Amino acid sequence: MTKHAVLAGAATTEPMIVMAAVEKWYGGFRALADINLTVRRGERIVLCGPSGSGKSTLIRCINHLEAYQKGEIRVGGTRLGDDGRSIEAVRREVGMVFQHFNLFPHMTVLENCMLAPMRALKLGRREAEATARGLLERVRILEQADKYPAQLSGGQQQRVAIARALCMRPSVMLFDEPTSALDPEMVKEVLDTMIALAGEGMTMICVTHEMGFARQVADRVIFMAEGSIVEEAPPDTFFTQPRHERTRKFLGEILRPH
Amino acid sequence: MGVGEFLFLLTGLKWTLALSAIGFLCGSAGGLAIALMRTSGVRALERLTGGYIALFQGTPLLMQLFVVYYGLALGGLHLSAWVAVSIGFTLHASAYLGEIWRGSIEAVPRGQTEAASALNLGYAARMKDVVLPQAIRISLPATIGFLVQLIKGTSLASIVGFTELARAGNIVSNQIFQPLLVFGVVGILYFLMCWPLSLYGSHLERRFAVATR
């Protein structure tokens with residue numbers, strides 16, 4: 001890692017993720033159309049747009065939970081293809097947090113965090129446990145380490161999910177609507193965890209409608225509609241001077257309650 | 001019915017239990033392999049195992065035992081009744097358990113596999129550590145239900161001359177001419193094997209219903 005990236009909030013010029021003319025089809029339906037996006041190391045991107053606009057699909061292509069049909073995705077130095085080797089190389093760099101947490105219900109919080117480091121990174125039990133405890137501490141949930149996911153609140157589960165992903169030492173974190181399934185009073189604890197992570201220089205792509213979060217941490221906000229990137233801008237410009245009618249309409253709809 | 005006859009029935013009972021155990025254990029191994037192939041996403045394997053399951057679910061167990069015992073003998077492979085029925089029950093149980101467990105694997109939420117994949121777990125770890133432990137819990141009531149069917153189904157092995165509980169009953173009945181008494185006892189013995197299992201199955205079912213509410 002360059003000296004740069006260690007400094008909080010400093011995006012480097014080194015490209016971490018490059019998507020070039022990416023297309024994704026579900027049968028005859030084009031879910032992503034001509035996606036061109038470069039995310040630099042240390043950069044924080046917020047991805048928003050109406051439901052069905054392809055924002056989740058976009059980030060799910062980055063770690064190959066979905067295959068793409070055209071164009072090219074590069075993560076770090078690896079070109080992501082359909083072969084196991086490139087998928088594995090990319091997933092080593094990329095952590096993901098899901099809307100519904102997807103914690104393993106038959107394992108304790110600690111075991112959830114230890115499994116992948118032991119299996120995929122071949123860490124010893126002791127080392128995996130030390131890593132897991134360290135990261136659970138960082139998301140301030142270490143005291144729940146021996147409980148099962150079902151015994152925790154939604155916000156706590158999502159913080160465990162963040163810690164679990166971080167245990168794999170990723171260079172990039174993808175967040176797929178991490179607060180959408182949470183009760184309102186739990187949104188803040190998860191956002192605070194994400195803000196802290198951003199402050200530590202993590203490269204992040206967040207699909208979220210939390211515009212306060214976008215204002216606070218995003219380097220760029222990207223607006224998608226119908227599988228395409230419509231507009232991208234730093235948050236100041238994005239919220240105050242959106243260029244496209246679609247963006248204005250969308251912002252009008254989601255910002256109305258405030 | 002004297003003590004000697006009753007002990008003879010118990011010898012039959014022993015073979016019923018042994019055959020059930022073999023059918024269930026070997027069938028579990030076969031069933032697991034079939035369930036994994038059936039959910040592998042590899043078209044050829046899915047077709048193949050789908051056909052296997054259809055064949056064994058669509059024909060009577062009795063016929064399957066005949067085919068294994070007499071069919072293989074016609075092909076020049078002379079098996080003892082014991083080996084033949086063991087093979088027959090293993091094939092039969094593999095098909096049913098394979099289908100039960102396929103359903104259970106598919107009942108584990110997709111997000112579990114996705115989370116495991118995103119954590120860079122390979123297929124083996126995804127299955128062994130994440131999907132199967134959850135699938136097995138889901139499948140327990142149906143699996144136990146099938147085990148009960150299997151135990152009762154072993155009575156069909158008598159048809160190829162294998163002396164398990166039902167055939168032992170038949171032999172004793174022919175000796176002492178008290179069919180009602182003998183088969184009453186035989187029935188009670190089956191009931192004592194199956195009923196506790198059924199109870200345990202419905203207990204588990206209730207427990208899971210509460211857990212997922």
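No hydrogens, no waters, no symmetry mates; every other heavy atom, side chains included, goes into these values. Just so we're clear, the structure is a prediction, and the values are computed from it rather than from any experiment. Labels below follow one simple rule: chain letters A, B, ... track the order of the sequence lines, proteins then strands, and each chain is numbered from 1.
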Quick check against the 3.5 Å criterion: does B:N120 have a side-chain atom that pairs as donor or acceptor with the backbone of A:E88?
yes
Does B:F6 have more than 12 heavy atoms from other residues, nucleotides or ligands lying within 6.0 Å of its CZ?
no
For A:E137, I'd like to know if atom CD has over 12 heavy atoms of other residues, nucleotides or ligands within 6.0 Å.
no
Mark yes or no for whether A:N102, through its side chain, and B:A115, through its backbone, hold a donor-acceptor pair below 3.5 Å.
no
Counting heavy-atom pairs closer than 4.5 Å to chain B, which one of A:G95, A:P170, A:P105 comes out on top?
A:P105
How far apart are the C-alpha atoms of B:E114 and A:M96, what are their side-chain angles, what is the distance that settles it, and do they pass the side-chain contact (heavy atoms from CB on, under 4.5 Å) test?
CA-CA 10 Å; B:E114 288 182 351; A:M96 189 170 206; over 6 Å; no
Let's test your reading of the structure: which of B:P109, B:P133, B:G111 forms the most heavy-atom pairs below 4.5 Å with chain A?
B:G111
What part of B:A116 lies closer than 4.5 angstrom to a heavy atom of chain A: side chain, backbone, both or neither?
both
Please report the interatomic distance CG(B:D129) to CD(A:E111), rounded to the nearest 0.5 Å.
10.5 Å
Kindly compute the distance separating CD (B:Q112) from NE2 (A:H100), expressed to the nearest 0.5 Å.
12.5 Å
Where on A:H106 is there a heavy atom nearer than 4.5 Å to chain B: the side chain, the backbone, both, or neither?
side chain
Within 6.0 angstrom of B:R47 CZ, more than 12 heavy atoms from elsewhere:
no
Evaluation steps, side-chain contact (heavy atoms from CB on, under 4.5 Å), between A:R119 and B:K128:
CA-CA 11 Å; A:R119 292 288 184 271; B:K128 181 172 83 63; 3.4 Å; yes
Side chain to side chain, B:S117 and A:H64, heavy atoms closer than 4.5 Å
no
One option among A:A120, A:C167, A:A150 has the most heavy-atom pairs under 4.5 Å with chain B, and it is A:A120
Counting only non-hydrogen atoms closer than 4.5 Å, does A:L103 touch chain B with its backbone (N, CA, C, O), its side chain (CB onward), both, or neither?
backbone
Examine whether an atom of A:V90 lies under 4.5 Å from a heavy atom of chain B, and if so say whether it belongs to the side chain, the backbone or both; otherwise answer neither.
neither
Under 4.5 Å from any heavy atom of chain B - which part of A:F104:
both
Surrounding OH of B:Y200 (heavy atoms of other residues, nucleotides or ligands, distance under 6.0 Å), is the total greater than 12?
no
Decide side-chain contact (heavy atoms from CB on, under 4.5 Å) for B:L119 and A:L115; before the verdict, give the C-alpha distance in whole Å, the side-chain angles of both, and the deciding distance to 0.1 Å.
CA-CA 9 Å; B:L119 286 165; A:L115 176 67; over 6 Å; no
Is it the side chain or the backbone of A:R164 that comes within 4.5 Å of chain B heavy atoms, both, or neither?
both
